[in-house]
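Everything on this sheet refers to the single structure shown next.
Given the structure is predicted, the values throughout are model-derived calculations rather than measurements. Throughout, residue positions are numbered sequentially from 1 according to the sequence presented. Just so you know, ligand 1 is whichever comes first in the structure, and atom 1 is the first atom listed for that ligand.
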Amino acid sequence: MCLCAGMNAAVRAVIRMGIYVGAKVYFIHEGYQGMVDGGDDIKEATWESVSNILQLGGTVIGSARCKAFRTHEGRLRAARNLLQFGITNLCVIGGDGSLTGANVFREEWSGLLAELVQQGLNIFMIKLKECLHFSLLNK
Ligand SMILES: Nc1ncnc2c1ncn2[C@@H]1O[C@H](COP(=O)(O)OP(=O)(O)O)[C@@H](O)[C@H]1O
Ligand SMILES: O=P(O)(O)OC[C@H]1O[C@](O)(COP(=O)(O)O)[C@@H](O)[C@@H]1O
């Protein structure tokens with residue numbers, strides 16, 4: 001469990017600013033593990049869902065070490081899950097490891113999409129490659 005102060009403030013700021021500018025914003029629970037697993041680990045956030053969290057230690061969305069995200073296969077699963085939810089931007093809050101992983105993912109993104117297309121993923125999703133950006137915040 002991560003007890004770092006400030007993580008929830010960062011989560012709250014990202015969610016509320018995203019909603020403020022009109023975006024649909026999602027929590028990805030348990031870090032990259034949630035991105036790889038998809039399903040219930042990816043949930044739409046609301047303004048109220050980040051109320052009363054500033055004073056809490058750790059992070060309300062969890063954190064995890066994820067071996068799978070270090071592998072190409074794991075990142076392919078993560079990309080598929082993002083596309084299924086229509087997620088086009090990622091904000092990664094973490095340290096050196098998380099940001100290194102985000103950079104690897106960004107560099108691989110076009111190739112991952114090409115692989116998903118080969119596997120038969122709906123072609124309209126391809127336009128998302130134009131708009132997958134990473135905002136990198138250091139903890
Ligand atoms: N070189 C890498 N390639 C892909 N993913 C990575 C890499 N390094 C770290 N990660 C991912 O980032 C996660 C968090 O990294 P870690 O070093 O544990 O924490 P921190 O972000 O606090 O430095 C790892 O569990 C792994 O899933
Ligand atoms: O839970 P929300 O809606 O994010 O509101 C957070 C609010 O709670 C506080 O952190 C603490 O407020 P109190 O000192 O009144 O308990 C405020 O500074 C902040 O505006």
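For the atom pair OH of Tyr26 and CD of Glu44, the computed distance is 5.0 Å after rounding to the nearest 0.5 Å. Separating the CH2 atom in Trp47 from the CZ atom in Arg12 is a distance of 7.5 Å, to the nearest 0.5 Å. Once rounded to the nearest 0.5 Å, the distance linking CG of Leu76 with OG1 of Thr71 reads 9.5 Å. Here Met35 contributes atom CE and Arg77 contributes atom CZ; the two are 12.0 Å apart, rounded to the nearest 0.5 Å. A distance of 10.0 Å separates CD1 in Ile87 from NZ in Lys24, rounded to the nearest 0.5 Å.
The N/O atoms of Ala64, backbone and side chain alike, include none that comes under 3.5 Å of an N/O atom in ligand 1. Residue contacts with ligand 1: Ser98 is placed with a nitrogen or oxygen under 3.5 Å of a nitrogen or oxygen of the ligand (distance criterion only). No N or O atom of Leu99 sits closer than 3.5 Å to an N or O atom of ligand 1. Polar contact with ligand 1: present for Gly95 (N/O pair, distance under 3.5 Å). Between Arg65 and ligand 1, at least one pair of N/O atoms sits closer than 3.5 Å.
When non-hydrogen atoms are compared, ligand 1 lies under 4.0 Å from the backbone of Phe69 as well as from its side chain.
Side chain to side chain, Gln33 and Arg65 fail the donor-acceptor criterion of an N or O pair below 3.5 Å. Side-chain polar atoms of Ser51 and Arg16 form a donor-acceptor pair below 3.5 angstrom.
Side-chain heavy-atom separations under 4.5 angstrom define the hydrophobic clusters, and the remaining members of the one that includes Val21 are Met17, Tyr20.
Protein residues are said to neighbour a ligand when one of their heavy atoms lies under 4.0 Å from it; for ligand 2 these are Arg12, Arg16, Val50, Ser51, Asn52, Leu54.
Of all atoms in ligand 1, listed by their number and element, those nearer than 4.0 Å to a heavy atom of Cys66 are 25 (O), 26 (C), 27 (O).
Of the residues Asp41, Asn81, Leu90, Asp37, the one that meets the side chain to side chain contact (heavy atoms under 4.5 Å, CB included) test with Ile28 is Leu90.
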